[in-house]
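What follows is one structure encoded as structure tokens, with my remarks underneath.
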Amino acid sequence: MRRFGLFLATCLLAACQNQTADGSGTSAVSDGSEWSNIGFSAKEQRHSPLDQINESNVAELGIAWFKDLPDARGQEATPVVVDDKLYISTAWSKVFAYDAKTGEELWSYDPEVPGEKAVDACCDVVNRGIAISRGKLFFGTIDGRLIALDSNTGARLWETQTTDNSKPYTITGAPRVVKNMVIIGNGGAEFGVRGYVTAYSVSDGSQKWRFYTVPNPEGKADGAASDEIFAKAANKTWGEGEWKESGGGGTVWDSIVYDEDLDQLYFGVGNGNPWNHGLRSGGEGDNLFLSSIVAVNPDTGKYLWHYQETPAETWDYTATQHIIIAEIDWPKETEEGETTAVTERRKVLFHAPKNGFFFVIDRTNGRLMSAEPFVENINWAEGYDLKTGRPIENPEARFYKTGKPFVSIPGALGAHNWHPMSYNPKSGLVYIPAQQIPQGYEVPTSDLDRKRERLGFNVGIGWAIGQLPDDKDVYKAAIAATTGKLVAFDPKAGKVAWTVDHPAAWNGGTMTTAGNLVFQGTSVGLFKAFAADSGEELLSMDMQSGIVAAPSTYMIDDEQYVAFLTSKGGAFPLVAGVAGGASRTVPNIPRLVVMKLGGRTSLPALPEKSEVVWNPPEPTGTPAQIADGKALYGRFCLVCHGDSAVGNGFTPDLRISGTLASEEAWASIITGGALKQHGMVSFSSQLKESQVEALRHYVIDRSNWTKANVADVTAPIGR
């Protein structure tokens, strides 16, 4: 009886450590010994109270242990640590569990996602993390399943298909556990789907409620939590247009946050489909709830409030970036709306979306408090009108109205993409993985760009503007114009406190600690630590591979550890081409790395790069064939194989493909589906035989021209 009582007490203690009073499972252990939520706690500040590793000793960090992972694709998850076990999700939606102190693998789970599903993943076959509660682990899969595992054994407990697999839906984001429900969204807006968020029972995966983020294209009620608000108001914000065919987009592909103080659930809504507002909605209406933060009742999904950051969005300016819950001292306002010198404590959320402005929003009612730029050179809008909450736009940015091309800063990849930011309450700063990646937009002029297809991006812009011309100076300028930086933003002052420049874009997410530290990995393979208050660099270690994920930290047996994933991937490396700059030449090694003070483990020496055979066939295509091939490449191939066929190192560099010399071998892949298990499905329903051949001639032309003119800046990456 005594042994049973001790066992029961131990189990109850462990359960209490990993759940809130309402059983949500979202709060972290207060002493920071665990990292039980991907954002540390429900507030998702990614701030740890641990300070054993601090600004005085962080230079002594070394590797405690590491584990190589199976898939050299994007690794975007933050390690979660509960009960001395470390959990990660990886590319292709695989999950691994380790002893957090020793690195011993405890179990792994492969959901066996069909390889051909990769063609529906706009931004690589990534997964951003797991949720864990009461001995259950939850994660989503690329093919739209929500799966529950026993966190101790890895045994599958239940599985629910959350999407219609006949449509190009995917799941790449992490679920959240809230009040005995698992909340999950999905992706796929670029291809044409209708977004929604769903709550499922933690016990058996049964659906509790669903909230659609755009109206029903047929004008019907869905029997969903969103029906009332669309019937009252949101439907009126949509005009006539292609959204009724495409579904409208608005997917919630990442940020979902639970507010324990106010018992509200917030989620960020993505871009529309097509991007082009002129085509999507006839250039009419704000198109709710695209590019919005939406608050709902977590028990029912009932609408509470929203704030739309980019009304009538047309540049892929999603609002799905990381949301942080905080409290902040803010000037009180008079009844007339004037600010005073007296401050009051306000419940707020911080948001730094793609569009380049940092938002402070009152989370009690969704009112905009501040919107200030966190990057330079923004040219689509000059600021925000705080009275209306709307951006003050540059009319030239609405390219579908002017009929003229517009090169926007930021572009579709954003001033800040999915990479998590963090907030340090002591310094009062938010640390943002920021970047500058310009993009050109123009109306589609060809039938090829205008026609909707089951495969390929359906975004309603002309793709020719996104491909670089044959000019070496332009190639070098593209590298110089595409940069990254770590931005420390002061929400109270509404301005940048300090920045650190990085040589390339697409750098890792951040974590901050009570040791006055902020950690970040970079796309060129360095793991860095900075003083949180000043930005002084305190650590820089070569990790052999690009880093895009955010780290976490935990403590076992009085030792603090820092854990993170390496391996580059995601949207930017897929499409960047030469603009990938220095990050293109860094190896792509999928690995879990765990560090501690005095760690002495060494990474294995890098193998010698295999010699790249750059021997393209002689160009035989006609100018007309090459021109047709370029248009087809932009429409169907660029988003996976890079601008102007400049490869990225983790999908095949077509310029050195052994199939270029053979019309038959080339066609066996493009329309024959010979590599569908790797995501390269057959395009036979989209491409005619003559078009397949035009594509081959275009890539041959690219290979010969780049070898002769820009081999020094676009050399294929050896494996």
Side-chain angles (χ1 to χ4, degrees), residues 28-41 43-66 78-81 84 86 100-101 103 324 326 419-433 485-491 497-500 502 507-522 526-543 547 549-566 592-602:
V29 177
S30 60
D31 65 3
S33 60
E34 296 188 341
W35 190 285
S36 58
N37 178 300
I38 61 165
F40 180 70
S41 72
K43 295 180 184 294
E44 304 221 358
Q45 295 179 356
R46 293 180 181 259
H47 172 75
S48 170
L50 296 180
D51 62 2
Q52 183 185 88
I53 302 169
N54 54 62
E55 60 183 328
S56 69
N57 61 19
V58 67
E60 299 169 23
L61 272 182
I63 297 173
W65 57 268
F66 70 89
T78 300
V80 169
V81 180
D84 296 347
L86 185 152
K101 181 179 177 68
I324 289 176
H419 313 79
M421 63 187 188
S422 58
Y423 171 58
N424 189 315
K426 184 175 181 180
S427 71
L429 303 178
V430 178
Y431 307 99
I432 309 167
K485 63 175 61 180
L486 172 61
V487 170
F489 191 87
D490 185 339
W498 54 259
T499 64
V500 174
H502 296 314
N507 299 287
T510 68
M511 172 189 71
T512 182
T513 74
N516 192 34
L517 296 173
V518 55
F519 292 91
Q520 183 187 30
T522 72
L526 301 176
F527 187 68
K528 292 176 174 283
F530 305 90
D533 54 0
S534 67
E536 178 188 358
E537 183 176 301
L538 304 172
L539 173 75
S540 182
M541 291 185 64
D542 184 1
M543 289 296 147
I547 303 168
S552 61
T553 188
Y554 58 94
M555 182 170 278
I556 299 177
D557 295 338
D558 297 323
E559 286 190 300
Q560 184 181 350
Y561 296 83
V562 175
F564 56 93
L565 298 179
T566 72
L592 166 64
V593 179
V594 177
M595 307 179 75
K596 68 176 183 178
L597 294 174
R600 297 184 179 280
T601 301
S602 298

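In what follows, every heavy atom counts, from backbone to side chain, and hydrogens, waters and symmetry copies are set aside. Since the model is a prediction, treat every value here as computed from it, not as a measurement.
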Inset, instruction - Looking only at non-hydrogen atoms, find the nearest pair between Pro491 and Gly428 and report the distance. - result: CD-O, 3.2 Å

Legend entry - Minimum heavy-atom distance between Phe40 and His47, given as atom pair plus value: CD2-O, 3.3 Å

Legend entry - Closest approach of Leu61 to Lys596 (non-hydrogen atoms, all atoms of both residues): CD2-C, 3.4 Å

Legend entry - Residue pair Asp542 / Leu526, side-chain heavy-atom distance below 4.5 Å: yes

Inset, instruction - Please confirm whether the backbone N or O of Ala531 pairs with a side-chain atom of Glu536, one donor and one acceptor, at under 3.5 Å? - result: no

Legend entry - Interatomic distance, Ile63 atom CD1 to Phe527 atom CZ [nearest 0.5 angstrom]: 10.5 Å

Inset, instruction - Before giving the answer on side-chain contact (heavy atoms from CB on, under 4.5 Å), spell out for Met541 and Met595 the whole-Å C-alpha distance, their side-chain angles and the decisive distance to 0.1 Å. - result: CA-CA 11 Å; Met541 291 185 64; Met595 307 179 75; 3.1 Å; yes

Inset, instruction - Could you pull out all residues at least two apart from Ser48 that satisfy side-chain hydrogen bond (donor to acceptor under 3.5 Å, both in side chains)? - result: none

Legend entry - Nearest-0.5 Å distance, CH2 of residue Trp65 to CG of residue Leu86: 5.0 Å

Inset, instruction - Taking the side chain as every heavy atom from C-beta outward, state whether Lys43 and Tyr423 have any atom pair closer than 4.5 Å. - result: no

Legend entry - Atom of Pro433, atom of Gly509 and distance for their closest heavy-atom approach: CG-CA, 3.9 Å

Inset, instruction - Show your reasoning for whether side-chain contact (heavy atoms from CB on, under 4.5 Å) applies to Thr513 and Val562. - result: CA-CA 11 Å; Thr513 74; Val562 175; over 6 Å; no

Legend entry - CG-CG distance between Leu517 and Asp533, expressed to the nearest 0.5 angstrom: 9.5 Å

Legend entry - Ile38 and Val80, any side-chain heavy atoms less than 4.5 Å apart: yes

Inset, instruction - Classify the side-chain pair Thr510/Ser422 by whether it contains a donor and acceptor separated by less than 3.5 Å. - result: yes

Inset, instruction - State, yes or no, whether a side-chain contact exists between Leu50 and Trp35 at a heavy-atom distance under 4.5 Å. - result: no

Legend entry - Side chain to side chain, Val593 and Thr566, heavy atoms closer than 4.5 Å: yes

Inset, instruction - Using ring pair (Phe, Tyr, Trp, His ring centres under 6.0 Å) as the criterion, list what pairs up with Phe530, not counting sequence neighbours. - result: none

Inset, instruction - Please state whether the rings of Tyr431 and Trp498 are parallel, tilted or perpendicular, taking 30° and 60° as the class boundaries. - result: tilted

Legend entry - For Arg46, the option from Thr78, Thr512, Thr553 that meets side chain to side chain donor-acceptor pair (under 3.5 Å): Thr78

Legend entry - Short side-chain to backbone donor-acceptor contact, Tyr561 and Ala64, under 3.5 Å: no

Inset, instruction - Hey, could you give me the CE/NZ distance between Met555 and Lys101, rounded to the nearest 0.5 Å? - result: 11.0 Å

Inset, instruction - Mind checking the CD1-OG1 spacing from Ile547 to Thr522? Nearest 0.5 Å is all I need. - result: 6.0 Å

Legend entry - Shortest non-hydrogen contact from Val81 toward Glu34: O-CB, 3.3 Å

Inset, instruction - Hey, could you give me the CD/CG distance between Glu55 and Leu538, rounded to the nearest 0.5 Å? - result: 7.0 Å

Inset, instruction - Please test Leu597 against Glu559 for side-chain contact (heavy atoms from CB on, under 4.5 Å), starting from the C-alpha separation and ending with a verdict. - result: CA-CA 8 Å; Leu597 294 174; Glu559 286 190 300; over 6 Å; no

Inset, instruction - Show your reasoning for whether side-chain contact (heavy atoms from CB on, under 4.5 Å) applies to Met511 and Phe564. - result: CA-CA 10 Å; Met511 172 189 71; Phe564 56 93; over 6 Å; no

Inset, instruction - Please confirm whether the backbone N or O of Asp558 pairs with a side-chain atom of Gln52, one donor and one acceptor, at under 3.5 Å? - result: yes

Inset, instruction - Kindly say whether Gly508 contributes a backbone atom to a donor-acceptor pair with the side chain of Gln520 at under 3.5 angstrom? - result: yes

Legend entry - Heavy-atom pair with the smallest gap, counting every atom of Asn507 and Lys485: ND2-N, 4.4 Å

